[in-house]
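Some notes on the structure that comes next.
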Amino acid sequence: MSRKVKWGVLGTAGIAYGQTIPGMLQAENCELYAIAGRSVEKAEQFKAEFGFEKAYGSYDEMLNDPAVEAVYIPLPNDLHAEWTIKAIKAKKHVLCEKPMAVNAAQLEEMLKAAEENGVFLMEAFAYLHSPYVASLKSDLDSGLIGDVRYMEAAFVTRARGAEDIRLRKETYGGALYDLGCYNTSLATWLLNEEPVSVEAMAEKTECGIDIWSTAMAKYADGKRALLKCGMITNGAAQTRIDELRIHGTKGTIRSDAQYNQEGEITYKVYVDGETITRTVTARQNYALEVEQLGRCITDGEQPHVSHAFSRMNARLMDRILEKIGY
């Protein structure tokens, strides 16, 4: 087994508390070394609960700790670039929560900083590390359902209160930034190409952020993708919608697996009049991404979520944001 990498978590956001830090605890090559919060009290709470060695009351203080090798950044979208670049200049490897940048131009600044400072930078799309996604990709690339002609992906969750940070324009909230990036990233990952045309529409709040968006992408060979996201359901657990439909010239794939689902995952492939049930078992997705970036640091792997991929996805997001007038 590779040696353990000393990680620092820069921020005490909900995704860090509920998903990523629990994943880090499961990651075999991760040492939970430092936690930084805007207040030392909050950082101390995380230290006590999760077992960090150090707690810092400022982000800069943690970045100045030479023992920190890698930093996970779960901050609001508007702070990603600032603190990612600061961490990079402190010679830390960085795992930055999705979407890593608010637009493709900002992403280039972050990637350039990583290249100039000789550190790894990876966008935290944890679900892309899942064997479920690998299985989907394998089925498509093998030609099992023929040439893809149409893809449809939906991610819809409960409505949020006005005070929720996801509904603030200044932090780049909204359905597309919070949820739609999953749809665009899945389409980009599975199809591995950029569309020739994009149309989109959205329902927006008074402050100008989208609570529901739909994008329609057309590709060079004529295939199409319909990508839908929203924060509009009534809050019951069963009203979350995760849907994937991929139609090819020979068959169809249908899945209702959730993004970042762990455990046993099934989806259906309909081809030649038969139904194939695929079953894969996925570990905690956040553990998988932390382990993978750790292996980049210790074993010379390259980030699974590559810079080229992040660029493609950011460009697609930019086109949709422009169309909805964000």
Side-chain angles (χ1 to χ4, degrees), residues 1-11 13 15-16 19-21 23-36 52 59-60 62-75 77 79-102 104-130 133-134 181 185 188-189 260 283-315:
M1 187 183 76
S2 303
R3 71 168 179 86
K4 291 192 174 186
V5 173
K6 288 182 181 287
W7 279 82
V9 176
L10 198 145
I15 191 167
Q19 282 81 38
T20 310
I21 296 175
M24 296 171 96
L25 287 169
Q26 296 180 37
E28 294 181 355
N29 59 354
C30 170
E31 179 181 335
L32 276 188
Y33 174 72
I35 177 73
F52 287 94
Y59 303 151
D60 283 312
M62 189 183 82
L63 294 181
N64 288 331
D65 185 337
V68 174
E69 295 178 81
V71 171
Y72 167 64
I73 297 178
L75 299 173
N77 294 337
L79 298 177
H80 285 180
E82 174 188 352
W83 286 101
T84 291
I85 291 171
K86 283 183 177 180
I88 286 168
K89 288 182 176 178
K91 304 298 184 183
K92 313 301 186 188
H93 305 285
V94 178
L95 176 66
C96 181
E97 197 48 64
K98 59 80 197 162
M100 189 155 67
V102 299
Q106 188 183 76
L107 177 70
E108 288 303 322
E109 296 176 18
M110 300 163 78
L111 299 182
K112 181 182 178 184
E115 288 159 8
E116 288 177 345
N117 286 275
V119 297
F120 290 109
L121 169 61
M122 186 168 74
E123 189 168 18
F125 277 110
Y127 85 95
L128 289 176
H129 297 259
S130 173
V133 174
C181 63
S185 62
T188 300
W189 192 268
N260 287 315
R283 288 177 56 210
Q284 210 259 21
N285 291 187
Y286 299 86
L288 295 174
E289 71 176 355
V290 168
E291 285 183 348
Q292 203 276 318
L293 189 57
R295 292 194 301 273
C296 293
I297 296 166
T298 61
D299 296 5
E301 287 189 18
Q302 289 300 305
H304 183 63
V305 181
S306 69
H307 291 184
F309 168 82
S310 290
R311 286 183 169 109
M312 285 179 67
N313 189 56
R315 287 193 291 264

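Below, each value reflects all heavy atoms present in this structure, side chains not excepted, and no hydrogens, waters or symmetry copies. This chain uses plain numbering: 1 for the first residue, then up along the sequence.
- With sequence neighbours excluded, the residues that form a side chain to side chain donor-acceptor pair (under 3.5 Å) with Tyr72 are Thr20, Glu97.
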- side-chain contact (heavy atoms from CB on, under 4.5 Å) between Leu95 and Val290, worked out: CA-CA 8 Å; Leu95 176 66; Val290 168; 4.1 Å; yes
- Message: What verdict does the side-chain contact (heavy atoms from CB on, under 4.5 Å) test give for Arg311 and Glu108, after you've listed the backbone C-alpha separation in whole Å, the side-chain angles of each residue and the deciding distance to 0.1 Å?
- Response: CA-CA 8 Å; Arg311 286 183 169 109; Glu108 288 303 322; 2.6 Å; yes
- List the steps, then state whether salt bridge (charged side-chain N to carboxylate O under 4.0 Å, His left out) holds for Lys4 with Glu31. CA-CA 6 Å; Lys4 291 192 174 186; Glu31 179 181 335; over 6 Å; no
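- Nearest heavy atoms, Gly11 versus Ile35: O-CD1, 3.7 Å.
- Taken to the nearest 0.5 Å, the CG atom of Leu10 stands 9.5 Å off from the NZ atom of Lys86.
- Using modelled atom types, one side-chain atom of His93 and one backbone atom of Phe120 make a donor-acceptor pair closer than 3.5 Å.
- Residues passing the side chain to side chain contact (heavy atoms under 4.5 Å, CB included) test with Leu79, sequence neighbours excluded: Leu75, Pro76, Glu82, Trp83.
- Once rounded to the nearest 0.5 Å, the distance linking NE2 of His307 with CD of Gln302 reads 8.5 Å.
- Note that CG of Leu111 and OG of Ser306 are 9.5 Å apart. Values are rounded to the nearest 0.5 Å.
- Glu291 places no side-chain N or O within 3.5 Å of a backbone atom of Asn29 that could act as its donor or acceptor partner.
- Within the structure, side-chain hydrogen bond (donor to acceptor under 3.5 Å, both in side chains) contacts touching residues 112-125 (residues at least two apart or in different chains) are Lys91-Asn117, Glu123-Ser310.
- With contacts defined as side-chain heavy-atom distances shorter than 4.5 Å, the pair His129/Asn285 does not qualify.
- Glu28 places no side-chain N or O within donor-acceptor distance of the main-chain N or O of Arg3, the cut-off being under 3.5 Å.
- With Gln292 contributing its side chain and His304 its backbone, the two residues share a donor-acceptor pair below 3.5 Å.
- The shortest heavy-atom contact between Ala113 and Ile88 is O-CG2, 3.3 Å.
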- Task: Using the side-chain contact (heavy atoms from CB on, under 4.5 Å) rule, take Val71 and Met62 through it: C-alpha gap first, then chi angles, then the decisive distance, then the call.
- Result: CA-CA 9 Å; Val71 171; Met62 189 183 82; 4.2 Å; yes
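- Residue Met24 holds its CE atom at 9.0 Å from CD of Glu289, rounded to the nearest 0.5 Å.
- Rounding to the nearest 0.5 angstrom, the gap separating the CG atom in Asp65 from the CG atom in Asp60 is 13.0 Å.
- Among all heavy-atom pairs drawn from Cys96 and Met110, the shortest one is SG-CE, 4.5 Å.
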- Message: side-chain contact (heavy atoms from CB on, under 4.5 Å), that's the test. Do Met100 and Ile73 meet it? Break it down for me.
- Response: CA-CA 9 Å; Met100 189 155 67; Ile73 297 178; over 6 Å; no
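- Distance alone, capped at 3.5 Å, is enough to place a donor-acceptor pair between the Asn313 side chain and the Ser185 backbone.
- Shown here for Val68 and Ala34, the closest heavy-atom pair between the two residues is CG2-CB, 4.1 Å.
- Looking at His80, its side chain does come within 3.5 Å of a backbone N or O of Pro99 through a donor-acceptor pair.
- In this structure a side-chain-to-backbone donor-acceptor pair under 3.5 Å is missing from Gln284 to Ala27.
- Phe309 and Trp189 have perpendicular rings, their planes meeting at more than 60° on a 0 to 90° scale where under 30° would count as parallel.
- Atom CZ of Phe125 and atom CG of Asn260 lie 10.0 Å apart (nearest 0.5 Å).
- The two residues Pro303 and Cys296 make their nearest non-hydrogen contact at N-SG, 3.4 Å.
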